[in-house]
K.L.:
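Supplied in structure tokens, the structure appears directly below.
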Amino acid sequence: MSKRVFAPGDVLLPKDGTDMTKWSVVACDQYTSEPEYWSSVSSFVGDAPSTLHLTFPEIYLEDGDGDARIERINSSMAEYIANGIFAEKVSKYIYVERTQRNGKIRRGLMGVVDLEEYDYMPGSQSKIRATEGTVLERIPPRVKIRKNAKLEIPHIMLLIDDAEKTVIEPLAGAELPVAYDFKLMENSGSIRGYFVSADEEARIDKALAALADEAAFNKKYNVSGKGVLQFAVGDGNHSLATAKECWRLVKETISPDEYETHPARFALCELVNLHDSSLEFEAIHRVVFDIDTAKMRKALSEYYELSNSAEQKFIMITAGGTEEIGIANPKSNLTVGSLQKFIDDYLKENGGKVDYIHGEDVVKRLGAEPGNAGFILPVISKDSFFPTVICDGALPRKTFSMGDAWDKRFYLESRVIKK
């Protein structure tokens, strides 16, 4: 398994008879300013077997009961394993068809990546790279959650730049046994998974190897000496970074014989083609809380030269109204980078806090409340995604999202990571 960067993993799924709609819950980094969403989910799930009991929604990270919540998560994992909640593990790729709320189908492939081939640090030339800046302070709390966990239940999505659609798309016409098929909660569409056959697995591996060919890569992107970027992290970079850090801790304690196959060396992810017709990049917006909005607006005009004719533009929303703002002397190549520099410096000097929001309607609602300011940002071009990461490195943190919150990856598959 360690010879391939991406390979089938030993996947665990709930056994037949499990209410899969209650089992599968949206990624923990969604709806972080909407407690009513998580309250609704909790009421719906109740005590039923669910990934809600095995994960840590980030809206609760600052509640002060983190240690107790982690203990409950670890206890629930052990209980689920002991009580036979899971069927027999399956060492196959799983082909995924996710029907989104808008009816479009996003196609993906579940497998594991070798964390030895991933480096989230700036300037990395590893085969798996972060696409946005990694906030190092966010990793230790997540390591605390993962380091003693028996299972990983991922929401990580990796992207491949496969314009010819050689890897995933051919599976749509293959006759494969169904792994699961159910509706997702909270009007979030539905999902169907299939176990991939041995013949299709061989074809996939060959196609992935072709995408990783160095000569072809250099020609495709007109580069040299940049290393081969085979997989770009689309969602869940901090989760993958956490897995990397936990593996670093584990490998200090194991023998050379265990190093090649230890389960903590690998992380379960969904692979998605950048050119999937359903995949739409969405901007991640900002809402700043607990500030003097007039003071912040004045500081912005002192921090930058503002002009309506500038190329870098965003919308600012406060209780006083909505304004389009252009930056004539940006400090980043991307609008989101220039705005983030200002927000970081302003909050450092004046206090307040920032949250990262996926939907414009939420930004408008929260930004219009007294003491808040909302910022709506433009989306980046999908076509420039891989070339930008290859040539310029990671984008500013929280630059983009793949789709709306309700279309994000739901927790579903799991895998044992602790012996």
K.L.:
Under 3.5 Å, which donor-acceptor pairs do the side chains of residues 225-237 form with other protein atoms, sequence neighbours left out?
P.N.:
from, atom 1, to, atom 2, distance (Å)
Gln230, NE2, Leu208, O, 3.2
Asp235, OD1, Lys408, NZ, 3.3
Asp235, OD2, Lys408, NZ, 2.8
Asn237, OD1, Tyr118, OH, 3.0
Asn237, ND2, Thr134, OG1, 2.8

K.L.:
Pair up each side-chain donor or acceptor in residues 20-28 with any protein partner under 3.5 Å, not counting sequence neighbours, and list the distances.
P.N.:
from, atom 1, to, atom 2, distance (Å)
Thr21, OG1, Lys183, O, 2.7
Trp23, NE1, Leu412, O, 3.0
Ser24, OG, Tyr411, O, 2.7

K.L.:
What's the separation between atom CD1 in Ile85 and atom OG in Ser50, rounded to the nearest 0.5 Å?
P.N.:
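Between atom CD1 of Ile85 and atom OG of Ser50 there are 11.0 Å.
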K.L.:
Tell me if a side-chain donor or acceptor on Asp63 pairs with a main-chain N or O of Asp65 at a distance below 3.5 Å.
P.N.:
no
K.L.:
Atom CG in Asp161, atom CZ in Phe386: separation rounded to 0.5 Å?
P.N.:
5.0 Å
K.L.:
Quick one, Ile291 and Tyr346 - any side-chain contact, counting heavy atoms below 4.5 Å?
P.N.:
yes
K.L.:
Using only atom types and a distance under 3.5 Å, with no angle test, would you say the side chain of Arg129 pairs donor to acceptor with the backbone of Ser126?
P.N.:
yes
K.L.:
Who are the side-chain hydrogen bond (donor to acceptor under 3.5 Å, both in side chains) partners of Tyr95, not counting sequence neighbours?
P.N.:
Glu97, Arg107
K.L.:
Are there over 12 heavy-atom neighbours, none belonging to Lys244, within less than 6.0 Å of that residue's NZ?
P.N.:
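Yes, NZ of Lys244 has more than 12 neighbouring heavy atoms, counting only those of other groups under 6.0 Å.
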K.L.:
Name the one of Glu58, Glu152, Glu245, Glu137 that satisfies salt bridge (charged side-chain N to carboxylate O under 4.0 Å, His left out) with Arg142?
P.N.:
Glu58
K.L.:
Tell me, which pairs form a salt bridge (charged side-chain N to carboxylate O under 4.0 Å, His left out) where one or both residues lie in residues 333-345, sequence neighbours left out?
P.N.:
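Counting only pairs at least two positions apart or across chains, the salt bridge (charged side-chain N to carboxylate O under 4.0 Å, His left out) contacts touching residues 333-345 are Asp344-Arg397.
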K.L.:
Can you tell me how far CZ of Arg146 sits from CG of Asn148, rounded to the nearest 0.5 angstrom?
P.N.:
12.0 Å
K.L.:
Would you compute the distance between atom CD1 of Ile343 and atom NZ of Lys348 and round it to the nearest 0.5 angstrom?
P.N.:
13.5 Å
K.L.:
By ring pair (Phe, Tyr, Trp, His ring centres under 6.0 Å), which residues pair with Tyr221, not counting sequence neighbours?
P.N.:
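For Tyr221 the ring pair (Phe, Tyr, Trp, His ring centres under 6.0 Å) partners, ignoring immediate neighbours, are Phe217.
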K.L.:
Between Asn372 (side chain) and Leu366 (backbone), is there a donor-acceptor pair under 3.5 Å?
P.N.:
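At least one qualifying donor-acceptor pair exists.
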K.L.:
How long is the span from the CD1 atom in Ile327 to the NZ atom in Lys313, to the nearest 0.5 Å?
P.N.:
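So the gap between those two atoms works out to 12.0 Å.
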K.L.:
Over 60° means perpendicular and under 30° means parallel, so classify the ring planes of Phe385 and Phe400, tilted if in between.
P.N.:
perpendicular
K.L.:
What distance separates His358 NE2 from Asp404 CG, expressed to the nearest 0.5 Å?
P.N.:
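Result: 9.5 Å between the selected atoms.
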K.L.:
Could you give the side-chain donor-acceptor pairs of residues 166-174 under 3.5 Å, partners two or more places apart or in another chain?
P.N.:
from, atom 1, to, atom 2, distance (Å)
Thr166, OG1, Asp162, OD1, 3.1
Thr166, OG1, Asp162, OD2, 3.3
Glu169, OE2, Asn273, ND2, 3.2

K.L.:
Check whether Asp407 reaches the backbone of Arg101 with its side chain - one donor and one acceptor, N or O, closer than 3.5 Å.
P.N.:
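Yes, Asp407 side chain to Arg101 backbone: donor-acceptor pair under 3.5 Å.
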K.L.:
Just checking, is any N or O donor in the side chain of Glu413 or Tyr180 under 3.5 Å from an acceptor N or O on the other one?
P.N.:
yes
